[in-house]
Amino acid sequence: MTPAVLADLVRSTAETVLTEHGLDTAVLPATVTVERPRNPEHGDYATNVALQVAKKAGVPPRDLAGWLAEALAADVTITSAEIAGPGFINLRIAADAQGEIVRQVLDKGAGYGKGDALTGTRMNLEFVSANPTGPLHLGHSRWAACGDALGRVLTAAGAEVTREYYINDAGVQIDKFAASLIAAAKGEPAPEDGYAGAYVGDIAAEILRREPSALSLPDDERTQTFRDLGVALMLEEIKRSLSEFGTEFDVWSSEKSMYASGRVEASVEELKQHGHLYEADGAWWLKSSDLGDDKDRVVIKSDGVPAYIAADIAYLLDKLERGFDPCIYMLGSDHHGYIGRLKAIASAFDHDPAVVEVLIGQLVNLLRGGVPVKMSKRAGTMITLEDLVEAVGVDAARYALVRSSHTSTLDIDIELWTKRTNDNPVFYVQYAHARLSSLLRNASELGLTVPDAATTAAADLGLLTHEREGDLIRTIGELGRVISTAAELREPHRVARYLEDLASAYHKFYDSCRVLPQGDEQATGLTTARLALCAAARQVLANGLALLGVSAPERM
RNA sequence: GCCCUGGUAGCUCAGCGGAUAGAGCAGGAGCCUUCUAAGCUCUUGGCCGCAGGUUCGAGUCCUGCCCAGGGCACCA
C-alpha cells in the first residue's frame, strides 16, 4: 500500500460514501491529501478530506469523517480508521499491505521514485552561465549544484530537460578581459576596470606559449588573438571545473553566435514588425513597460550597436522556437531585474510570460569556524568553486549547496562540512548507505539470501510490525512524492531533507531491530523480511543521493 | 522612492492552509563482549520580526509597517 494507492482508496471510498448519502461527488478534489502525521499517535497516515469537502457538501465535517472512517475501516488493508480533532481521519495500515512498498522498491530498483507528474513537458534549464572572463565563484557553485540537482529531479518527475549554459563571449567585458590578458602578457598591471587575479597571468602565459609572437602582432590581430584564445582557455577551465563537480550541460550557447548566425538581427526585426520597438533619442527601445516590465529597454543603442538585451531577445526566441515550455533561468539575486524584461520579451513574441520562469538564488558565504573566509589565491577577491571543493570535497560541497532553499542566503562552514560526525548532514546520509552496504555484505558472507526483484515474493513482509520498521517503510514510501513536489516547486533541497529523514529512520531501525542472526541463531522469516527492508532502504538512499549528484559509498 | 529575497530555539536551517511548530549542533544525562558508536535514547531551550485581515483552521495566504541583504544604465 503506497501513499498513492492509499490516496486513491480514500478518494474512491469517499465517492461511495457521498453517493450513499445522496451528496454530490463533484466536491471531491482530483487527488485527496493523505499525509504522514507529525505525531505518530495520530496513526500511520491521516487525511483531511472530510474537512476539505464538508462545507461544500453541506454536512458537518465530523459526520462526514465518521461515515468515511467506517467505510475505510472495512477495507482489509486498513487496521484502524479514527476520527480526530475537527474531522481528520487517522489511518493505520496492515503490515503486509504496507510491505508492498518494500517490494515495489526492490522491483523498480534505480527507477523507484520516478514519476510522471511532468511527463510531456519540454523544459529548458539554463544555469551557471558565468562569463568566460574568470573562474567560477561561490554563487556559480550554488547554481551548479542546485541546477544540476534540479535537472535530475525534473527528469525523474518525467520532464524532458535540456540543460543549457549561455556563454557571454561578446561585448565589453570580453574586451576588458582581452586587454587585461595583454597587459599581463607584457608584465604590466591590469588596466583600470580590468581583470586582476592570478588566473589572468596564467592564461596570458598559456596564450604566449601557444602563440609566442602574439604580442608583436598588429593591434587588431593581437586583441583578436588574446580575446579568442583567452575566452577559449577560460571556457575550457570552466567546463573542466563543472565536469569535475559532476555538472554536465547538454547545450552550450554562445552570445557571439547569436550575432554571427543573424538571430539577433532577425529577432529585432521581428519585434519591429510587431510594433514592439520604437525609436527615440536615436536609439531603438523595446516597449517593455507595456508588457509588465518596470521600464522600456534600449535594444539598439544610439551609436547603432545592439545592447546586451538584444542577444537575450534572440536567445529567448531561439529557445521558444525550439519548443521549450517553460524556459527556466537560474539567476543570482543581483539579476532579479531580469525577470520583468525576460517575461516582456516572451510576451512580445506572443507567448504567455509564464513560459519564462526565473529562479533567484541568494548569496553564499564561506566560513571557517564561524569566521568569514575572504581571500582566494586564484581569483584575488572571489572565492572559487575550486576553493570550495578543495576545502570540503565534491560531495560535501554539492550537498551543502543544495541542502538549503536557494531563496535564503547560505553560510557554509568548512569546519562543519569536513567533520566526520552527524553534525555533518552529508556524512550522516552517506554513513547510512555505507552501514547498510556493510550489513548486506555481511549477510551474503553468512550465506543468507538478500531478497531482490526476483526473490522478493519469498519474503513475508507482513512480519515487519515493529514501530521502527513501519516508520522506515513509510519513509521509503515518500520518495515519489518528494520528487514530484521538489520538481513542481523547483526545490531540489527537499530531496536532501528527505534523505536526512530517511537516514534517521534507518539509524533508528538499526538501533532497535537486529537484522542478522547472532551466534548459533538460525535465520528466520523475520531475518529475510528485514534484509528485504534493508535492501530497499539502501536502494532509496542511493536513488536520492543520485538525484543530488552525491556519491553513495559502499564503505566509509 | 520603487522592486526582489530573507526575518522560526543560543547557532545553522526545515516546515506545497491542518492537530501540541521540527531537525542537527551547542548545554545537561545515558547506551558499545553483538550487524560500521561517523550511531541511538532522554532532557533544557520558541511574543514563528510587529500589527491588522481572509479562513472551520495561518509560521504558511492578503495588506501595512520594522529590520537585513540585493537590485533599480543608451554596463554586461
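Everything numeric in this text was worked out from a predicted model, so none of it was measured. Quick note: numbers below take in every heavy atom, side chains included, and nothing from hydrogens, waters or symmetry partners. Convention: sequence-line order gives letters A, B, ...; per-chain numbering from 1.
- Both thresholds, 5.5 Å between centres and 30° between ring planes, are not jointly met by A:Tyr428 relative to the base of B:rA38, so the two rings are not stacked.
- Two rings, from A:Trp143 and A:Phe127, have their centers 6.0 Å or more apart.
- Residue A:Asn48 places a side-chain atom within donor-acceptor reach of the base of B:rG18, judged by atom type and a 3.5 Å distance cut-off alone.
- The phosphate of B:rA21 (OP1 or OP2) has no side-chain N or O of A:Asn39 nearer than 4.0 angstrom.
- If you check the side chains of A:Thr475 and A:Arg36, you find a donor sitting under 3.5 Å from an acceptor.
- B:rC11 and B:rC2 have their P atoms separated by 31 Å, given to the nearest Å.
- Taking atom CH2 of residue A:Trp417 and atom C1' of nucleotide B:rC11, one finds them 15 Å apart after rounding to whole Å.
- B:rA19 is unpaired under the criterion used here, namely a Watson-Crick or G-U wobble arrangement in which both key atom distances are under 3.5 Å.
- Checked against B:rC13, B:rG18, B:rG70, the side chain of A:Asp411 finds its nearest nucleotide in B:rC13.
- Nucleotides B:rC50 and B:rA9 are separated by 11 Å at their P atoms, to the nearest Å.
- Here B:rG30 sits opposite B:rC40 as a Watson-Crick or G-U wobble pair (both hydrogen-bonding atom distances under 3.5 Å).
- By the stacking rule of 5.5 Å between ring centres and under 30° between planes, A:His493 does not stack on the base of B:rA14.
- Atom OH of A:Tyr399 is separated from atom C1' of B:rA23 by 11 Å (rounded to the nearest Å).
- Rounded to whole Å, the P atom of B:rG49 lies 16 Å from the corresponding atom of B:rC16.
- Distance, A:Phe509 CZ to B:rU41 P: 14 Å, rounded to whole Å.
- Below the 3.5 angstrom threshold, one finds a donor paired with an acceptor across the side chain of A:Tyr338 and the base of B:rA76.
- With distances taken from any side-chain atom of A:Gln173 to the nucleotides B:rA76, B:rU5, B:rA38, the minimum falls on B:rA76.
- The base of B:rC3 sits with one of its N or O atoms less than 3.5 Å from a complementary donor or acceptor on the side chain of A:His336.
- Between A:Pro492 and A:Val402 the shortest side-chain heavy-atom distance falls below 4.5 Å.
- Across B:rG15, B:rA76, B:rG18, the shortest atom-to-atom separation from the side chain of A:Ala307 is found for B:rA76.
- Proximity of A:Asp44 to A:Asp471: side-chain heavy atoms (C-beta onward) are nowhere separated by under 4.5 Å.
- If you check distances only, the side chain of A:Asn90 does reach the base of B:rA19 with a donor-acceptor pair under 3.5 Å.
- Distances shorter than 4.0 Å separate some side-chain N or O of A:Arg468 from OP1 or OP2 on B:rU41.
- Distance OH (A:Tyr510) to P (B:rC32): 15 Å, rounded to an integer number of Å.
- Checking A:Arg435 against A:Gln518, the closest nucleotide of RNA chain B that is more toward the 5' end is the one next to A:Gln518.
- Taking atom CD1 on A:Ile300 and atom P on B:rC75, their separation rounds to 12 Å, with Å as the unit.
- Nucleotide B:rC32 is shown with a syn base, its glycosidic torsion being within 90° of 0.
- Here A:Lys301 reaches the OP1 or OP2 of B:rA76: one of its side-chain N or O atoms lies under 4.0 Å away.
- B:rG10 and B:rC62 have their P atoms separated by 28 Å, with the value rounded to a whole Å.
- Between B:rG15 and B:rA76, the two P atoms lie 38 Å apart (nearest whole Å).
- Atom CD in A:Glu35 sits roughly 14 Å away from atom P in B:rG22 (whole-Å rounding).
- Within the structure, every side-chain polar atom (N or O) of A:Thr409 is placed at least 4.0 Å from both OP1 and OP2 of B:rC13.
- Comparing B:rU34, B:rC16, B:rU20 against the side chain of A:Leu489 picks out B:rC16 as the nearest.
- Base-pair partner of B:rG1: B:rC72 (Watson-Crick or G-U wobble, both distances under 3.5 Å).
- Out of B:rA19, B:rA38, B:rC13, the shortest distance to the side chain of A:Tyr431 is found at B:rA38.
- For B:rU36, the OP1/OP2 oxygens have a side-chain nitrogen or oxygen of A:Ser438 closer than 4.0 Å.
- A donor-acceptor pair shorter than 3.5 Å can be found between the side chains of A:Tyr308 and A:Asn168.
- The gap from the C1' atom of B:rA58 to that of B:rA19 amounts to 14 Å, rounded to the nearest Å.
- On the P atoms, B:rC47 is 36 Å away from B:rA38, given to the nearest whole Å.
- Taking CH2 of A:Trp284 as the reference point, atom CG of A:Leu271 lies at 11.0 Å (rounded to 0.5 Å).
- Rounded to an integer number of Å, the gap from A:Ile360 CD1 to B:rC4 P is 11 Å.
- Aromatic ring centroids of A:His466 and A:Phe509 lie 6.0 Å or more apart.
- Look at the C1' atom in both B:rG27 and B:rA14: the space between them is 22 Å, to the nearest Å.
- Going from atom CZ of A:Arg490 over to atom C1' of B:rU5 covers 19 Å, rounded to whole Å.
- With a 4.5 Å cut-off on side-chain heavy atoms, A:Ile339 and A:Ile360 count as touching.
- Nucleotides of RNA chain B nearest to A:Ser302 and A:Thr47 differ in position, and the one nearer the 5' end is that of A:Thr47.
- In the set B:rC35, B:rC13, B:rC75, B:rC13 carries the atom at the smallest distance from any side-chain atom of A:Ser404.
- Residue A:Arg494 has its side chain nearest to B:rG15 when only B:rG15, B:rC35, B:rA19 are considered.
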